[in-house]
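Note that the numbering runs from 1 along the sequence shown for the chain. A quick note: this is a predicted structure, and the numbers were derived from the prediction, not measured.
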Amino acid sequence: MSGMGGSSRPDLTVGPIGKTLLMFTVPTLASNILQSLNGSINAVWVGRFLGENALAATANANIIMFLMFSIIFGFGMAATVLIGQAVGARDIDSARRAFGSAVGFCFCLSMIVAIGGWIGAPALLKILATPAPAYPLALDYIRVIFVAMPATFLGVMMMMGLRGAGDSVTPLRFMILSVLLDAGLNPLFILGLGPIPAMGIAGSAAATAFAGFVSFIALVFYMYRKDLPLRLRGPELAYLRPELAQLKVLAGKGLPMGLQMIVMSASGLVMIGLVNREGLLITAAYGAAQQLWTYLQMPAMAIGAGVSAMAAQNIGAGRWDRVSRITGSGLLFNLVITGGMIIILLLFDRPALALFLGGHSPAIDAARHMQYLASWSFLLFGMTMVLFGTMRANGVVVGPLIILLIALYPVRLGFYHWMYPMIGADALWISFPVGSLISFALAGALYMHGGWRKVRLVTPPHEEECRETLNADAEPAGRMSPTG
C-alpha cells in the first residue's frame, strides 16, 4: 500500500483471526466503558452540587443529544465500512477520499445542527415536556453543548475512521484524554475556583465542550505528527469537499444504521413507560437493573464493531475465506465475555444493586428477580450484534434495521400484552429474552440465506468513475426474503 505514512498499524487481513480480533476489540470496549463512566461521574457532580432539578435538566438535554449522536454514529459506521474495504484492498487513496468526505460532510452537518440547535433548543425542550423547574437549567446546558457540537462530531467521526483503518488504540488514547478533562473540570467549572467563575449547570456543559475541543485538536495534531495513514496533505485536502458518490453511500448506509440506535432507544422509552405503571418500587428496581445492563451490552457493541471493521478489510482484500471465521470468533468471544459477565453479575447482584439502591432497599429483591429473568437475553443480543456487524461490513444495513423493528415492537410488546393478564409484571422482564431470541433467529437466517455476500459496495477513486452498487435493498438481504 503506497503512501501509508510512517505509523505502523495492525493489518486485519493477515495473522491469527482470534488474537487479531481480540486485540482490536479490547481498546474499543475500554473506550465504551470510559464513556459510560464519564457520564455517571458527571451525573454525580451535577446531582450532588446542583440538586435534582439540575440532574433532571441534564437528563432531558441528553435525550436530544443521543438522537443527534445516533445519526452521526450511523454515518461514522458507514465511513468505517468504506475505509475498511479500501484499506483491505490496499487502496489508501480511496480510504483517504472516504475519510475526507465523511469528515467534510460531518463538519457541514454539525454546523447546521449547532446553529439550529441553539435556535430551536426552547422548542425541543417543550416537545419533551421538560418540567418547568428544570427548563431554564436544561436550556443553559444544551445550548453550550450545541456550541461544542462541531468539535465533538468531528472527533467521533475521526475516531471511527481510524478504527476502519485498523487502529483502535489511537481513539482510546484520546478518549482517555477527553474523559479525564471532562470529569476533572466538571466540579471546577460548576463551583468556580480563583479566576474561574461559578457557572452552575452551564459549567458542566462547558467542561464537556472544552474536553471535546481539546481532544479533537490534539487528535488532529497527533495524526499529522505520527503521519497516520488517513491524514490528508496538499491536493488530498480537496477530499474534504464531499463527493456525490461518497455522500450517496454515507447517506444510504448511514441513515439506516443511525435509525437502528434510535429504534433501540425508542423501545427503551416505551419499556420505561410500561414499568412506571407498576409503581415506584418497581421503577426504582428497573432503574438500578438498567445501570448494570448498560455494562452487559458493552462487550456486544465493541465486538460487533470489531467484527465489522475486520470483516470490511477482509472483504476489501477479497479474503472471503476469513470472513466466516471472523464471525465465528466474534460469536465465541461474545459467548465467553458477555456470558462470563452475566454469571458474575448474577452471583454478586445484591452488592452491585446496593450501590444504586442502598443496602436495605426493598427494591433490591425486585431488581434481583428481573435480573434473573432478563439478564441472559444480552448474550443473544451480543450474538445478533456480531452477525449484524459482519453483514454491515458489506454494506447491508436495511435488513438488520427491519429485524430490530420486528423484535423490539410486535414481538416484545406483543408478548407483553398477551402475557401480562396471566403473569403480571414478569411479562416485561421475560419479553427481553423473547425479543432477543427472535432477533438472533432472524439475524441467523439472514446471515445464512439472505444473499448479503452478493452485495458489492465499491468506492471508486473518482466520482466520474462511480460504480457503487447501492442496491442492497433490492438484494434478497435487503428485502428480508431468504433465497435458500
Side-chain angles (χ1 to χ4, degrees), residues 66-67 70-78 80-82 248-271 297 300-301 303-305 307-308 311-312 315 323 327 330-331 334 377-418 431-457 468-484:
F66 181 84
L67 294 175
S70 294
I71 299 300
I72 204 64
F73 174 83
F75 289 126
M77 286 307 304
T80 298
V81 171
L82 290 175
K248 286 180 180 179
V249 180
L250 289 173
K253 306 304 179 185
L255 286 175
M257 284 189 274
L259 286 173
Q260 287 181 30
M261 291 189 67
I262 293 175
V263 163
M264 288 190 287
S265 298
S267 172
L269 292 175
V270 171
M271 292 298 292
Q297 294 179 65
M301 303 301 289
I303 294 170
V307 165
S308 186
I315 290 171
V323 172
T327 305
L331 293 172
N334 178 76
S377 69
F378 292 99
L379 187 61
L380 296 172
F381 169 79
M383 301 292 193
T384 303
M385 289 300 102
V386 169
L387 297 177
F388 282 176
T390 302
M391 292 184 283
R392 183 172 65 225
N394 205 30
V396 174
V397 292
V398 174
L401 175 61
I402 294 173
I403 288 174
L404 282 178
L405 283 168
I406 292 172
L408 294 178
Y409 293 96
V411 171
R412 182 182 287 184
L413 295 180
F415 178 86
Y416 165 77
H417 286 293
W418 177 44
S431 73
F432 278 85
V434 169
S436 296
L437 181 61
I438 295 300
S439 63
F440 177 56
L442 292 176
L446 181 60
Y447 178 83
M448 296 296 295
H449 308 294
W452 62 274
R453 296 170 182 82
K454 300 176 183 178
V455 177
R456 288 296 177 265
L457 181 67
E468 284 100 341
T469 302
L470 297 176
N471 60 339
D473 298 351
E475 293 288 338
R479 293 197 305 267
M480 291 297 295
S481 55
T483 58

Closest heavy-atom contact between Val397 and Met257?
-> CG1-CG, 3.6 Å

Go through the structure and list residues passing side chain to side chain contact (heavy atoms under 4.5 Å, CB included) with Leu379, not counting sequence neighbours.
-> Asn334, Leu335, Thr338, Ile342

Let me have the donor-acceptor pairs involving side chains of residues 434-441, under 3.5 Å, with sequence neighbours excluded, atom names and distances please.
from   : atom 1 : to     : atom 2 : distance (Å)
Ser436 : OG     : Ser377 : O      : 3.4
Ser436 : OG     : Phe432 : O      : 3.1
Ser439 : OG     : Gly435 : O      : 3.3
Ser439 : OG     : Ser436 : O      : 2.9

Measure the shortest side-chain to side-chain distance between Leu446 and Leu387 over non-hydrogen atoms and say whether it is less than 4.5 angstrom.
-> no

Report the residues that fulfil side-chain hydrogen bond (donor to acceptor under 3.5 Å, both in side chains) with Ser308, sequence neighbours left out, ordered by chain and then residue number.
-> Arg392

Sorted by chain and number, sequence neighbours left out, ring-ring contact (aromatic ring centres under 6.0 Å, His included) with Tyr447 holds for Trp452

Under 3.5 Å, side-chain donor or acceptor atoms of residues 404-413 against the rest of the protein: list the pairs with distances, not counting sequence neighbours.
from   : atom 1 : to     : atom 2 : distance (Å)
Tyr409 : OH     : Val263 : O      : 2.9
Tyr409 : OH     : Ser267 : N      : 3.1

In Å and rounded to the nearest 0.5 Å, what is the CD to CE distance from Gln297 to Met264?
-> 7.5 Å

Reported OG-to-OH distance for the pair Ser431 and Tyr416, which is rounded to 0.5 angstrom | 9.5 Å

Looking at Thr384 and Ala443, what are the two nearest heavy atoms and their distance?
-> CG2-CB, 3.9 Å

To the nearest 0.5 Å, how far apart are OG1 in Thr80 and CZ in Phe73?
-> 8.0 Å

Lys253 side-chain N/O to Ala78 backbone N/O, donor-acceptor pair under 3.5 Å | no

Taking it one step at a time, do Val398 and Ile402 satisfy side-chain contact (heavy atoms from CB on, under 4.5 Å)?
-> CA-CA 6 Å; Val398 174; Ile402 294 173; 3.9 Å; yes

Between atom CZ of Arg453 and atom OG1 of Thr390, what is the distance when rounded to the nearest 0.5 Å?
-> 9.0 Å

List the atom of Ile303, the atom of Val386, and the distance in Å for their closest heavy-atom pair.
-> CG2-CG2, 3.8 Å

Distance col, row Leu401:CG vs Leu259:CG, nearest 0.5 angstrom, shows 6.0 Å

Leu331 and Met383 have their tightest heavy-atom pair at CD2-SD, 3.4 Å

Taking all non-hydrogen atoms of both residues into account, name the closest pair between Ala300 and Met385 and its distance.
-> O-CB, 3.8 Å

Could you list the residues that satisfy ring-ring contact (aromatic ring centres under 6.0 Å, His included) with Phe378, not counting sequence neighbours?
-> Trp293

